[in-house]
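Lettering follows sequence order; numbering is per chain, from 1. Any value given below was found using the heavy atoms of this structure, including those in side chains, with hydrogens, waters and symmetry copies removed.
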Amino acid sequence: MTTQTRIFETPLYPYARSGDQDAPMPVRHPVVIVGAGPVGLGAAIDLAQQDIPVVVLDDNDKVSFGSRAICFAKRPLEILDRLGCGQPMVEKGVTWNLGKVFFDDRQIYNFNLLPEDGHKNPAFINLQQYYFEDYLVKRLRELQAQGKPIDLRGNNKLSAIGAHDDYVALEIDTPEGPYNMEADWLIACDGANSATRRMLGLDFTGRVFEDNFLIADTIMEADYPTERWFWFDPPFNRGQSALLHKQPDNVWRIDFQIGWDIDREEELKEENIRKRLHAMLGEDAKFELEWCSIYTFQCRRMESFRHQRVLFAGDAAHQVSPFGARGANSGLQDADNLGWKLKLVLDGTAPDTLLDSYSEERVHGANENILNSTRSTDFITPKSETSRAFRNAVLDLAEAYEFARPLVNSGRLSVPCTYDGSILNGPDSSDLPVRTRPGSPAADAPTRDGWLMDRLGNRFQVLAIGVDAPDSLEDGGIGIEVLRLSPDESPQFTERYLGEAVRAVYLMRPDQHVAARWTSYDEKAVIAALKIATGRA
Amino acid sequence: MSKINTQPNIAGADDFYAELLAIHDGRPKAESDAINARLILLLANHIGDRAVLTDAMTKAVDCGHR
């Protein structure tokens with residue numbers, strides 16, 4: 001392994017004594033977040049930007065150990081832009097569009113993600129999770145410097161929890177001993193093995209996949225192109241699969257499926273990993289190992305993501321296979337969905353039942369992700385002779401005939417979730433394009449004043465497209481800003497928001513999702529839709 | 001809902017059947033299974049209609065349970 005000090009071995013937010021530890025009575029905070037991973041940090045930034053005081057507890061003081069999640073999709077990048085830290089990630093990240101699929105000893109076809117034009121962000125970037133978290137911590141420090149109320153506590157480990165109807169009692173372990181505090185709301189972002197979930201004795205059911213995967217993050221000066229390469233049954237890993245994917249700094253993610261009955265310790269020996277890599281890359285290949293790990297996975301979720309005053313987000317609430325990059329990507333969409341709802345509830349402008357819609361909408365997202373990731377896993381690792389025969393039939397046919405290529409499933413890459421059927425959705429107009437129907441995330445498009453996405457989010461907005469409307473609206477203490485747009489901002493804008501219509505009105509949620517839409521402006525209708533979207537109807 | 005055609009539809013039924021068996025002649029079972037899988041996928045794509053495919057799968061399963 002390399003000897004230089006790596007970013008994920010350096011304490012980034014070391015333990016410091018908090019005033020809470022010396023308080024005579026437990027201090028009550030509006031929001032406490034458990035876990036400073038991508039989801040916990042994202043949620044903390046979202047809340048702090050809205051001036052909600054937030055305490056983040058992490059059981060260590062460093063970014064993710066090893067690269068772990070490496071693939072970030074467009075929708076999370078848009079969320080990160082809203083959180084003020086998307087672009088450094090896009091600049092550092094590796095943008096890729098081309099994928100190649102190999103079967104046995106040959107390439108059977110390649111595909112291009114063909115990203116749609118008229119979007120600020122790329123379809124995907126590859127970026128090590130440690131960089132991702134490092135940028136989030138930098139953003140958090142920037143907010144602190146601006147006086148935003150955000151407190152990140154390293155080496156603060158949740159050791160006991162008491163859930164009540166109107167608050168949560170917490171006991172925290174630190175290097176200087178335990179202390180107690182309380183939270184009006186607790187957000188558990190403490191990963192697939194969530195201690196919060198375990199201590200509350202909550203369910204986490206689903207399907208176990210009996211397989212192991214070996215990750216070898218390999219540093220090499222290689223002239224492999226910036227593409228995703230996936231092998232089914234290659235000569236260097238017979239009967240199994242393998243993946244090669246580029247990360248920044250000449251780090252390559254190499255992932256070997258290695259089966260169920262393995263000797264973990266033996267597989268993780270550097271000499272054995274090197275043997276596998278030489279078989280794949282050639283005997284002369286020169287490389288260093290940055291990080292290696294063996295993982296197994298399950299596809300499962302909690303029944304509900306809300307339990308009284310405790311809200312679960314990310315892997316703590318739902319777990320998927322890595323195929324399709326649906327873990328961190330969906331966790332960020334959880335945080336995105338939760339931030340504005342919690343703000344309204346804390347402000348007292350919406351009832352706390354609005355937070356039930358967080359669970360409903362994100363359970364819908366989790367179901368979609370679990371379905372897709374289970375199907376990918378069944379294709380990649382067939383569980384019976386017959387499923388293997390069909391899988392290989394698809395691959396053989398895909399080499400010769402185009403029709404079989406859509407059946408090849410090496411991971412259906414994360415796409416944003418549309419909250420079809422959500423109780424927060426208001427009226428729809430069938431004259432407008434299907435892709436921007438209520439429940440959908442806004443589709444980016446160029447406008448005369450920049451990217452549409454850069455002009456959306458963090459408050460309710462009305463898009464008044466080719467119609468007259470007042471500058472702003474208000475109902476029950478919740479404001480709506482009006483954004484006036486012309487029907488011909490750009491061809492992509494017209495196509496995505498109007499279709500054949502000449503004018504339209506969209507009510508947008510603070511998380512950039514469409515709440516309701518019409519083909520003419522009616523103030524009463526907009527206010528009624530706002531009530532629905534904020535759980536006050 | 002569209003149903004799969006269950007009326008006789010192949011001219012020269014005996015010829016077709018003989019040809020179907022002939023492609024499996026002398027092959028090990030694994031090879032035959034692979035050919036059958038490819039054949040099913042080719043035919044399914046040709047049919048295309050999802051409701052017809054579901055109907056065909058249902059009938060194929062049910063028929064064996066009589």
Side-chain angles (χ1 to χ4, degrees), chain A residues 101-111 230-235 237-241 257 259 367-368 371-372 374-412 415 420 434, chain B:
Chain A
V101 178
F102 301 82
F103 181 35
D104 195 350
D105 57 354
R106 60 202 194 273
Q107 182 185 326
I108 54 169
Y109 76 103
N110 62 56
F111 62 89
F230 197 97
W231 286 264
F232 292 99
D233 194 15
N237 198 25
R238 267 300 166 212
Q240 314 277 18
S241 66
Q257 183 196 357
N367 285 346
E368 215 171 81
L371 179 71
N372 277 291
T374 300
R375 287 174 171 177
S376 300
T377 308
D378 286 339
F379 192 88
I380 293 165
T381 65
K383 297 299 181 295
S384 69
E385 238 178 88
T386 302
S387 65
R388 181 172 294 274
F390 272 110
R391 200 280 305 272
N392 289 348
V394 166
L395 294 172
D396 280 328
L397 289 166
E399 185 177 11
Y401 307 112
E402 215 173 311
F403 89 86
R405 292 174 193 167
L407 298 172
V408 176
N409 191 341
S410 67
R412 296 280 180 242
V415 291
D420 281 321
V434 172
Chain B
M1 194 179 116
S2 318
K3 298 279 183 189
I4 190 119
N5 183 359
T6 52
Q7 293 304 306
N9 194 36
I10 302 173
D14 289 349
D15 281 350
F16 158 72
Y17 193 74
E19 192 180 344
L20 182 64
L21 289 195
I23 61 172
H24 293 290
D25 256 357
R27 293 188 196 271
K29 183 164 181 333
E31 217 176 294
S32 264
D33 287 349
I35 291 169
N36 281 339
R38 291 195 290 266
L39 190 58
I40 289 170
L41 292 167
L42 278 160
L43 297 174
N45 183 66
H46 187 84
I47 292 169
D49 186 322
R50 277 295 286 106
V52 172
L53 293 172
T54 299
D55 186 45
M57 287 188 264
T58 308
K59 288 195 161 85
V61 172
D62 288 352
C63 222
H65 287 287
R66 265 187 202 158

*Engaged part of B:Ile40 at the chain A interface, taking heavy atoms whose separation is under 4.5 Å*: side chain
*What are the two closest non-hydrogen atoms of B:Ala34 and A:Ala393, and how far apart are they?*
O-CB, 4.4 Å
*Neighbourhood of chain B inside residues 374-391 of chain A, taking heavy atoms under 4.5 Å as contact*: A:Ala389, A:Phe390
*asked:* Give me each pair satisfying side-chain hydrogen bond (donor to acceptor under 3.5 Å, both in side chains) with a member in residues 101-110 of chain A, each pair once, sequence neighbours excluded.
replied: A:Asp104-A:Arg238, A:Arg106-A:Asp396, A:Arg106-A:Glu399
*Output every pair passing side-chain hydrogen bond (donor to acceptor under 3.5 Å, both in side chains) with a member in residues 43-52 of chain B, not counting sequence neighbours, ordered by first then second residue.*
B:Ser2-B:Asp49, B:Arg50-B:Thr54
What donor-acceptor contacts under 3.5 angstrom involve side-chain atoms of residues 8-25 of chain B, with partners at least two apart or in another chain?
from	atom 1	to	atom 2	distance (Å)
B:His24	ND1	B:Ser32	OG	2.7
B:His24	NE2	B:Asn36	OD1	2.9

